[in-house]
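Working notes for the structure below.
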Number of protein chains: 2
Amino acid sequence: MDAVLQALADPSRRTVLEILRDHQASAGELAEALPIARPGVSRHLRVLREAGLVEVRSEGQRRIYSLRADALVEVDEWLEDYRALWQHRLDALHTEIARGKKARR
Amino acid sequence: MDAVLQALADPSRRTVLEILRDHQASAGELAEALPIARPGVSRHLRVLREAGLVEVRSEGQRRIYSLRADALVEVDEWLEDYRALWQHRLDALHTEIARGKKARR
DNA sequence: AGGGTACGTAACTGCAAGGGTACATATCGG
DNA sequence: CCGATATGTACCCTTGCAGTTACGTACCCT
C-alpha cells in the first residue's frame with residue numbers, strides 16, 4: 001500500500017500505467033513515450049514492479065510489461081474510509097443547488 | 001490531481017488525514033500525534049492545504065484543521081479508468097472460487 | 001503594555017529520488 | 001562464434017524534501 005501510493009506519486013510512472021492500461025509494451029516502447037532516457041525508464045519500471053503494479057514477461061530479447069491493475073485495489077480500499085465523507089459533502093452541495101444557489105467548479 | 005497524489009505519498013500526511021477524518025484538530029494536536037516536531041508538521045499541513053485536502057480556520061490563537069475529503073474525488077476519478085480492469089480480474093478470481101479453488105488473501 | 005501560548009517561516013543539514021553516461025548481460029540472426 | 005538489438009545495473013551528480021533549531025508573528029489574558 002505504502003509502496004503503491006509512493007509509486008503513483010511520480011507522473012512518469014503514472015504515464016506508464018496509462019499506456020499499459022491500453023496495451024502491453026516493451027521497455028523500449030515505454031521509453032520512447034516518455035521524456036526521459038531508457039535507463040531512467042528501467043528504474044521507474046522497477047519501482048512499479050516492486051509495488052506490484054506491473055509484471056514483466058520475457059519475450060525473446062525484449063521484456064514485455066503489462067498492467068497488474070488489481071494492485072490498485074489497495075488504493076481503492078484506502079479511499080473507502082473517506083468516500084462516505086465526500087459523498088456527504090456532495091449531497092450538501094446538491095442541496096444548495098436545489099435551493100437555487102449557484103454551483104461553482 | 002498531481003498535487004493530491006504527491007501529498008498522499010507521505011505516510012505522515014496520510015496519518016494527518018486519518019486523524020482529521022475522525023475530528024478536527026489544531027496544528028499542535030496533530031503534531032503531538034506524529035513522531036516529528038511541530039515545524040515539520042506545519043509544512044506537511046501546508047502541503048495538504050495546497051493540495052486542497054485540508055482547510056484551516058483560525059480560532060483564537062489556534063489554527064483548526066479540518067478535512068476536505070472531496071479533494072479525494074480526483075483520486076477516485078483517476079482510479080475509475082482502472083477499476084474495470086481489476087474488477088475483470090476479480091471476476092476471474094470469483095470464477096476460480098466457484099470452481100472450488102481456494103481463495104487466498 | 002507585557003508575558004505567555006500557538007503557530008508559521010527561515011536557514012541549515014542529511015538523505016533519498018530521479019536523471020544521465022557508461023558498462024554488463026542476454027538473446028537473436030547469420 | 002560474432003555483431004546487433006534490447007534491456008537492466010553501476011556510478012555519479014544534482015535537486016528536492018523531511019527534519020531540526022532559531023526566530024518572527026498573531027492572539028489571548030491580566
Side-chain angles (χ1 to χ4, degrees), chain A residues 1-20 22-68 71 74-75, chain B residues 1-20 22-68 71 75 78:
Chain A
M1 160 70 199
D2 220 79
V4 174
L5 276 182
Q6 182 73 23
L8 294 181
D10 187 282
S12 293
R13 291 196 285 257
R14 287 202 302 273
T15 302
V16 169
L17 295 183
E18 193 180 338
I19 294 172
L20 294 183
D22 210 45
H23 51 76
Q24 303 180 348
S26 69
E29 290 166 353
L30 292 170
E32 285 178 8
L34 292 175
I36 57 183
R38 284 188 295 95
V41 176
S42 264
R43 269 182 284 108
H44 279 310
L45 289 171
R46 176 190 179 86
V47 172
L48 289 171
R49 185 164 14 107
E50 291 178 347
L53 285 163
V54 303
E55 60 187 359
V56 215
R57 157 176 53 95
S58 284
E59 191 164 287
Q61 59 215 330
R62 308 196 314 167
R63 312 207 59 189
I64 309 295
Y65 284 84
S66 52
L67 187 62
R68 281 199 63 236
E74 297 182 16
V75 180
Chain B
M1 159 73 203
D2 221 80
V4 174
L5 276 182
Q6 181 73 24
L8 294 181
D10 187 283
S12 294
R13 292 195 284 257
R14 287 203 300 275
T15 302
V16 168
L17 295 183
E18 195 180 338
I19 295 172
L20 295 183
D22 210 45
H23 51 77
Q24 304 180 346
S26 69
E29 289 167 354
L30 292 170
E32 285 178 8
L34 292 175
I36 57 185
R38 286 189 297 96
V41 176
S42 264
R43 280 205 331 276
H44 279 311
L45 290 172
R46 175 189 178 87
V47 173
L48 290 171
R49 184 162 17 105
E50 291 178 347
L53 285 163
V54 303
E55 60 187 359
V56 216
R57 158 176 53 96
S58 283
E59 191 164 288
Q61 57 216 331
R62 310 196 314 167
R63 311 207 58 189
I64 310 295
Y65 284 83
S66 53
L67 187 63
R68 282 199 64 235
V75 180
W78 181 84

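Model, not experiment: these values are computed from the prediction.
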(request) Name the closest nucleotide to the B/Arg46 side chain, picking from C/dT9, C/dG8, D/dT7. (result) C/dT9
(request) Answer whether the closest heavy-atom distance between the side chains of A/Val16 and A/Tyr65 falls below 4.5 Å. (result) no
(request) Give the rounded distance in Å between these two atoms: CD1 of A/Ile64 and C1' of C/dA26. (result) 15 Å
(request) For the residue pair B/Val47 and B/Arg43, establish whether any side-chain heavy-atom pair is separated by less than 4.5 Å. (result) no
(request) Specify the separation, in whole Å, of atom OH of B/Tyr65 and atom P of C/dC7. (result) 9 Å
(request) Indicate for each nucleotide in nucleotides 10-27 of chain D, in 5' to 3' sequence, whether protein heavy atoms under 4.0 Å reach the base (B), only the sugar-phosphate (S), or nothing (-). (result) --------BBBBB----B
(message) Could you tell me how far apart A/Arg63 (CZ) and C/dC28 (P) are, to the nearest whole angstrom?
(response) 13 Å
(message) Can you confirm whether A/Arg63 sits close enough to A/Leu45 that some side-chain heavy atom of one is under 4.5 Å from a side-chain heavy atom of the other?
(response) no
(request) Would you kindly give the CZ-to-C1' distance between B/Arg62 and C/dG8, to the nearest whole Å? (result) 16 Å
(request) For residues B/Leu53 and B/Leu20, determine if any side-chain heavy atom of one lies less than 4.5 Å from a side-chain heavy atom of the other. (result) no
(message) Pair A/Arg14, A/Glu18 - check salt bridge (Lys or Arg N to Asp or Glu O under 4.0 Å), show working.
(response) CA-CA 6 Å; A/Arg14 287 202 302 273; A/Glu18 193 180 338; over 6 Å; no
(request) Quick one: look up who D/dT30 pairs with, Watson-Crick or G-U, both distances under 3.5 Å, and put none if it's unpaired. (result) C/dA1
(message) Rounded to whole Å, please give me the gap between CG in A/Leu48 and P in C/dG18.
(response) 11 Å
(request) Just call it for A/Ser26: base, sugar-phosphate, or nothing, with non-hydrogen atoms closer than 4.0 Å on any strand. (result) sugar-phosphate
(request) State, with a plain yes or no, whether a side-chain heavy atom of B/Glu29 is found less than 4.5 Å away from one of B/Arg62. (result) yes
(message) Using whole Å, what does the distance between atom C1' of nucleotide D/dA6 and atom CZ of A/Arg57 come to?
(response) 15 Å
